[in-house]
Chemist: 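Below is a structure I'd like to ask you about.
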Amino acid sequence: MLLHFTKMHGLGNDFMVVDLISQRARFKPEQVKQLADRHFGIGFDQLLLVEAPTEPDADFRYRIYNADGSEVENCGNGARCFARFVRDKKLTIKREIRVQTAGGPLLLHALDDQRVTVNMGAPRLQPSEIPFHANEKATTYPLIVDGQHYDIGAVSMGNPHAVLAVEAVDQAPVTALGPKIEHHPDFPQGVNVGFLEVISRTEGRLRVFERGSGETLACGTGACAAMVSGVLRNWFDTTVTLHLRGGTLEIEWAGPGHPVMMTGPAVRVFDGQILI
Ligand SMILES: N[C@H](CCC[C@H](N)C(=O)O)C(=O)O
């Protein structure tokens, strides 16, 4: 069949977005991997599916697959692109869009300047919710990797994140350490690994080695998790500008129990068709 899709990105974290309301398709993990390949396929960090909701108060269902074919709970940069996509494709005229994800509900606000603010929900900090093997909730946890001790933050935004503080992101061991923490046994479902450089109480730099996709130019849930960990470690105030390799996100969080609000751009690159 001929499948219509749209290529989009949020700060260079790029996506294949597919409307499964106006068309029908099913994707096997192996097929997602092939489509994600930047030489033999379309090339993307994540595949985003737009579906009819199965929950009463949602406008859409939003499903996410990493480049390795794994289905995951949330994608923050993708959520902003989701809002742009459903409005551009006239699937809704709403500016406030409720989507259901495997990681919980998201509320998307399409702003006048083409940016989108996402209510990402409250971070989950209990080890069992991340999930992360630890006896009790803490601000930081010890993690041993190849005999080396690291202090990490551990936060779920629906998907799991480890947050390491580094002196300078440009010299951070993202490629060497990222995959080792991604598959660390203390994270039974794997983990996204953020390398955070604190510039001030209102600004930071971040690189993320993503679970199932490797280092990306930006990670929305990773930015939220890094900001939350920074607030808990008393490094950040309640509104922070985070600079990622692909650009800047504004993150707000008033503290435990409150939702994390993320604001940033969403860009359409091209529409395409592919025989699957
Ligand atoms: N790799 C992530 C999913 C995509 C998250 C990222 N692209 C974002 O913008 O939040 C995971 O396995 O949980």
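First listed ligand is number 1; within each ligand, the first listed atom is number 1. All values below come from the heavy atoms of this structure, side chains included, with hydrogens, waters and symmetry mates left out. On a predicted model such as this, the values are computed, not experimentally measured, just so you know.
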Chemist: Return a yes/no value for R211: is any of its N or O atoms, backbone included, closer than 3.5 angstrom to an N or O of ligand 1?
Modeler: yes
Chemist: What do you reckon, is CD of E136 surrounded by more than 12 foreign heavy atoms closer than 6.0 Å?
Modeler: no
Chemist: Looking just at side-chain N and O atoms, do N159 and N74 make a donor-acceptor pair shorter than 3.5 Å?
Modeler: no
Chemist: Is it true that R38 and D45 make a salt bridge, defined as a side-chain N closer than 4.0 Å to a carboxylate O?
Modeler: yes
Chemist: Hey, looking at atom 3 (C) of ligand 1, which of I64, N192, N74 has the closest heavy atom?
Modeler: N74
Chemist: How long is the span from the NE2 atom in H184 to the CG atom in D146, to the nearest 0.5 Å?
Modeler: 9.0 Å
Chemist: With heavy atoms of N77 as the reference, note each atom of ligand 1 found under 4.0 Å away.
Modeler: 8 (C), 9 (O)
Chemist: Please state whether V72 comes within less than 4.0 angstrom of ligand 1, counting heavy atoms only.
Modeler: yes
Chemist: Please state whether G212 comes within less than 4.0 angstrom of ligand 1, counting heavy atoms only.
Modeler: no
Chemist: So for ligand 1, is E73 a polar contact partner (N or O within less than 3.5 Å, distance only)?
Modeler: no
Chemist: Could you find the nearest protein heavy atom to atom 1 (N) of ligand 1 and give me its residue, atom name and distance?
Modeler: E210 OE1, 2.8 Å
Chemist: Would you call R245 and N13 a side-chain contact if the rule is heavy atoms closer than 4.5 Å?
Modeler: no
Chemist: Show me which atoms of ligand 1 lie under 4.0 Å from any heavy atom of G220.
Modeler: 8 (C), 9 (O), 10 (O)
Chemist: I'd like to check whether G76 has a polar contact with ligand 1, where a contact means an N/O of the residue lying under 3.5 Å from an N/O of the ligand.
Modeler: yes
Chemist: Step through it carefully: locate the ring centre of F44, locate the ring centre of F15, and say whether they are under 6.0 Å apart.
Modeler: no
Chemist: Taking 4.0 Å as the limit for heavy-atom contacts, which would you say applies to N13 with ligand 1: side chain only, backbone only, both, or neither?
Modeler: side chain
Chemist: Who's the nearest protein heavy-atom neighbour of atom 10 (O) of ligand 1, and how far?
Modeler: T221 OG1, 2.6 Å
Chemist: Around atom CZ of F270, are there more than 12 heavy atoms of other residues, nucleotides or ligands at under 6.0 Å?
Modeler: yes
Chemist: Between M157 and ligand 1, find which residue part has any heavy-atom pair under 4.0 Å and reply side chain, backbone, both or neither.
Modeler: neither
Chemist: Can we call the ring centroids of Y141 and F132 under 6.0 Å apart?
Modeler: yes
Chemist: I'd like to check whether C75 has a polar contact with ligand 1, where a contact means an N/O of the residue lying under 3.5 Å from an N/O of the ligand.
Modeler: no
Chemist: Counting neighbours of CZ on R26 that are heavy atoms of other residues, nucleotides or ligands and sit closer than 6.0 Å, is the number greater than 12?
Modeler: no
